[in-house]
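Before any comments, here is the structure.
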Amino acid sequence: MKLNSDYYLNEDVISLAKDLLGKVLYTKIEGEITAGVITETEAYFGIKDKASHAFGSRRTARTETMFAQGGIAYVYLCYGIHNLFNVVTSPKDNPNAVLVRSIEPLIGVEIIEERRSMPRTKVAISAGPGSAAKALGIDRTFNAKDLSGDEIWIEDHQIYFNPDQISISPRVGVAYAQEHALLPLRFFVKGNKYVSKPNKV
DNA sequence: AAACGGATTGGCT
DNA sequence: GCCAATCCGTTTC
């Protein structure tokens, strides 16, 4: 069930971003397990991607996580408040990553409701990257954690989608990325409620 | 030691 | 659907 560590070494981050739709993201925090089905992702293709923190091989204390071997978490703070969770992919020194933008709550829904201070009936409980991370209790302490450990991991529950069940659009919030701003690198499950607001197509 | 700016959210109309 | 708060970590001086 848990994804093999080789899974994350695939250098085709775009295929991986699509393939992660339907996979189940788990966290275990102080003995409490919560999980959700990934319903929305974005691909960031490393040093040539103007929207990536690793653009131009930019190595800083923060971006170093992305240069590590695939199969760990990259969690960073956005707008001073939101923790955004990414899956680091590809071999060492190829800083590709997949941003998990939305999940559908699956396990430990009561705990998720408590973390988000809202009932499961509101889709905002786990739609959008900041909300999805918060729903699973992911904060910066998860940065660089191994996805094959027992604190955060991803499982295959045999939920698969055909190409016609996946919608594709430009990435959200990367207008500054010039010619890369409009690339079709955002993927989400067609018709699923748990998808972030912007450009819902 | 200080300025910068953002891979957003949610509240309000 | 639109708009504006937020705010601290990151980077640079």
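Everything numeric in this text was worked out from a predicted model, so none of it was measured. In what follows, chains are A, B, ... by sequence order, proteins preceding strands, each numbered from 1.
Rounding to the nearest 0.5 angstrom, the gap separating the CG atom in A:L16 from the CD atom in A:E11 is 11.0 Å. Put simply, CD1 on A:I112 and CG on A:L106 are 8.5 Å apart, with the number rounded to the nearest 0.5 Å. The distance from atom OH of A:Y8 to atom CG of A:L3, rounded to the nearest 0.5 Å, is 4.0 Å.
For DNA chain B, the neighbouring residues in residues 39-50 of chain A, judged by any heavy atom under 4.0 Å, are A:Y44.
Side-chain contact check for A:E151 and A:T27: no donor-acceptor pair (N or O, by modelled atom type) lies under 3.5 Å. Residues A:Q165 and A:K190 bring no donor and acceptor atom of their side chains to less than 3.5 Å of each other. A donor and an acceptor atom, one from each side chain of A:Y160 and A:D19, are nowhere located under 3.5 Å apart. Checked by atom type, the side-chain pair A:S15/A:D12 shows a donor-acceptor distance below 3.5 Å.
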Subject >> Dot-bracket pairing map - DNA chain B, Watson-Crick plus G-U, both contacts under 3.5 Å, | cross-strand >> reply: ||||||.|||||.

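The pair A:E42-A:R171 fails the salt-bridge criterion, with no side-chain N (NZ, NE, NH1 or NH2) lying under 4.0 Å from an Asp/Glu carboxylate O.
Here the separation of C:dT12 from B:dA7, taken at their P atoms, is 15 Å to the nearest Å. Rounded to the nearest Å, the gap between the C1' atom of B:dG5 and that of C:dA4 is 15 Å.
Annotation: ring pair (Phe, Tyr, Trp, His ring centres under 6.0 Å) contacts of A:Y44 (sequence neighbours excluded): none.
Between A:Y76 and A:Y74, the angle of the ring planes stays under 30°, which puts this pair in the parallel group of the 30/60° scheme.
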Subject >> Nucleic acid footprint by protein, nucleotides 3-13 of chain C - heavy-atom cut-off 4.0 Å, B for base, S for sugar-phosphate alone >> reply: ----BSSSSS-

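Residue-level contact check: A:L99 touches the bases, meaning some heavy atom is under 4.0 Å from a base atom.
No donor-acceptor pair closer than 3.5 Å links the side chain of A:N162 to the backbone N or O of A:D164. In this structure a side-chain-to-backbone donor-acceptor pair under 3.5 Å is missing from A:E64 to A:A61.
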Side-chain donor-acceptor pairs of residues 126-142 of chain A under 3.5 Å, sequence neighbours excluded:
residue, atom, partner, partner atom, Å
A:S126, OG, A:I103, O, 2.7
A:S131, OG, A:R116, NH2, 3.3
A:S131, OG, A:A127, O, 3.4
A:D139, OD1, A:T141, N, 2.9
A:D139, OD1, A:T141, OG1, 2.5

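Of the residues near DNA chain B, A:G173 and A:M118, the one whose nearest nucleotide (by heavy atom distance) lies more toward the 5' end is A:G173.
Taking the 5' to 3' direction, DNA chain B first and last meets chain A under 4.0 angstrom from a heavy atom at B:dG6 to B:dG11.
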